[in-house]
Amino acid sequence: MTWDEVNGVIVITLPDDFDKDANLGYLTREKNECMYAIENDVITKVIAIGEIRSLVQINVMNNKQMNVHFLNDSRPIEKWKREEVVNYIYEWFDLNNDLTSFFEMAKTDPLLKMPAQKFYGLRVIGIPDLFEALCWGVLGQQINLSFAYSLKRQFVEKYGDSVEWNGKKYWVFPSYEQIAQLTPTDLADIKMTVKKSEYIIGIANLMADGALSREQLMNMSFKDAEKSLLKIRGIGPWTANYVLMRCLRFQTAFPIDDVGLINSIKLIRNMDRKPTKDEIVELSCPWKNWESYATFYLWRVLY
DNA sequence: ATCCAGGAAAGGA
DNA sequence: TCCTTTCATGGA
C-alpha cells in the first residue's frame with residue numbers, strides 16, 4: 001500500500017494499470033445505486049468499519065492518484081482507524097493487485113481482447129463487506145438488474161442508517177445484527193419474496209452467531225470457502241462464486257452459469273444461440289487464475 | 001393473459 | 001454425483 005496524509009487529506013498512489021475513466025465509468029453506469037454518489041469524478045460514500053463511520057469523498061484525480069477527504073468531522077483521530085478506511089478503498093478497487101499478466105493473457109484471447117482494450121485499467125470493483133455482498137448476491141438471484149437495484153435501495157432505506165451532508169443522505173448498509181432480529185414478514189412490503197427474506201435473515205443469523213465471517217472464509221482455500229458457502233441455505237454455485245469474486249477476491253472464482261456471461265460470449269462471438277456450458281469451459285481455459293477478472297470484463301461489455 | 005426467465009431447493013436415480 | 005422438477009414473481 002502506498003498512501004500518505006497531507007493536511008488531513010489521504011493521498012493514495014494508484015497502481016500502474018489503473019484507469020480513471022474505466023473505473024468511474026463502471027461506478028456511474030447504474031443511476032439507482034444507493035451505496036454511493038458520484039459527481040464530477042468525486043465519489044461520496046459512508047465507509048463503515050464496525051462502529052466507525054466515515055463519510056468520505058474520494059476524488060480520483062487522474063490515473064495516478066486518489067485524494068480522500070473526510071466530511072462532517074468524520075475523520076477518525078486514531079491512525080489505525082484511518083488505516084482501516086484506506087484498507088477499505090484498497091479492497092474496493094483491488095489496488096494491491098497487479099493486472100499485468102491478465103492484460104498480457106487478454107491480448108491474445110478471442111473473447112477478452114476487445115473488452116480488455118475498451119475497458120483497460122478497470123479493476124474488479126469489490127463489495128468488501130461480507131453481509132452486503134451476500135445480500136446483493138441473494139437479492140440479485142432470478143431478477144433483472146434494475147429490479148435488483150430497486151430492491152436493494154428499498155432494503156437499505158428501510159433498515160440501513162444514513163449520514164446527512166449538504167441536504168443529501170448517504171446510506172450505511174443494514175447490519176447483520178439488526179437483520180437477524182427480523183422475520184420474513186418484515187420484508188414482505190419491499191417486494192422481497194418470502195424465500196429471499198428467509199435466506200437473508202438466515203445469513204444474518206449465521207453472521208451474528210459468529211458461524212460465518214469474512215476472516216474465516218479468507219483463511220480457507222478457494223474450494224473450502226466455496227464449500228462452506230454452498231452449505232448455507234439460499235446460496236448456490238452462482239451466489240457462492242459471485243461472493244468469492246467480489247468480496248473475498250479469489251481470482252479463480254467463476255460464476256460459470258451466469259446469464260450475463262453467457263450473453264456476453266454469445267454477443268462477442270456473434271452466435272445465433274447461447275454457448276453451452278461445455279463450450280464456456282473450453283473457452284475459459286486460457287483464463288486460468290484470472291477467471292473473475294475475465295468474467296467482470298465480459299459483464300462490462302453488456303452493462 | 002400466457003409464457004418465459006434465472007436462480008436455488010428438493011427429490012430421485 | 002448428476003439429473004429433473006418445483007418454486008415465486010417480474011417482464012415481454
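Every chain is numbered from 1, with letters handed out A, B, ... down the list of sequences. No hydrogens, no waters, no symmetry mates; every other heavy atom, side chains included, goes into these values. Since this is a predicted model, take the numbers as computed values, not measurements.
- Among C/dG11, B/dA9, B/dG7, the nucleotide with an atom closest to any side-chain atom of A/N144 is C/dG11.
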message: Show me the dot-bracket string of DNA chain B, counting Watson-Crick or G-U pairs under 3.5 Å, with | for pairs to another strand and [ ] for crossing ones.
response: .||||.|||||||
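- Closest contact between the side chain of A/R233 and the listed nucleotides B/dG7, B/dA9, C/dA8 involves B/dA9.
- With B/dA8, B/dG7, C/dG11 as the candidates, the nucleotide lying closest to the side chain of A/F147 is C/dG11.
- Computed from coordinates, the A/Y199 OH to C/dA8 C1' distance equals 10 Å when rounded to whole Å.
- Checking C/dG10, B/dG7, C/dA8 against every side-chain atom of A/W238, the shortest atom distance belongs to B/dG7.
- With hydrogens and angles left out, the side-chain atoms of A/Q154 and A/S150 include a donor and acceptor closer than 3.5 Å.
- Taking 4.0 Å as the cut-off between side-chain N and carboxylate O, A/K274 and A/E279 do not count as a salt-bridged pair.
- Mapping A/I143 and A/G234 onto DNA chain B by nearest heavy atom places A/I143 closer to the 5' end of the strand.
- Within 6.0 Å of NZ on A/K191 lie no more than 12 heavy atoms contributed by other residues, nucleotides or ligands.
- Taking the ring axis of A/W171 as reference, the NZ or CZ atom of A/K45 does not stay both within 45° of it and closer than 6.0 Å to the ring centre.
- Backbone-only engagement by A/I232 is indicated by non-hydrogen atom pairs under 4.0 Å involving sugar-phosphate atoms exclusively.
- A salt bridge does not link A/E5 with A/K79: none of the charged nitrogens is closer than 4.0 Å to a carboxylate oxygen.
- Within 4.0 Å (heavy atoms only), A/K231 reaches no atom of the nucleic acid at all.
- Residues A/Y170 and A/D161 have side chains that never bring a donor and an acceptor to within less than 3.5 angstrom of each other.
- For the OP1/OP2 pair of B/dA8 and a distance below 4.0 Å, the side-chain nitrogens and oxygens of A/T239 include at least one atom meeting the criterion.
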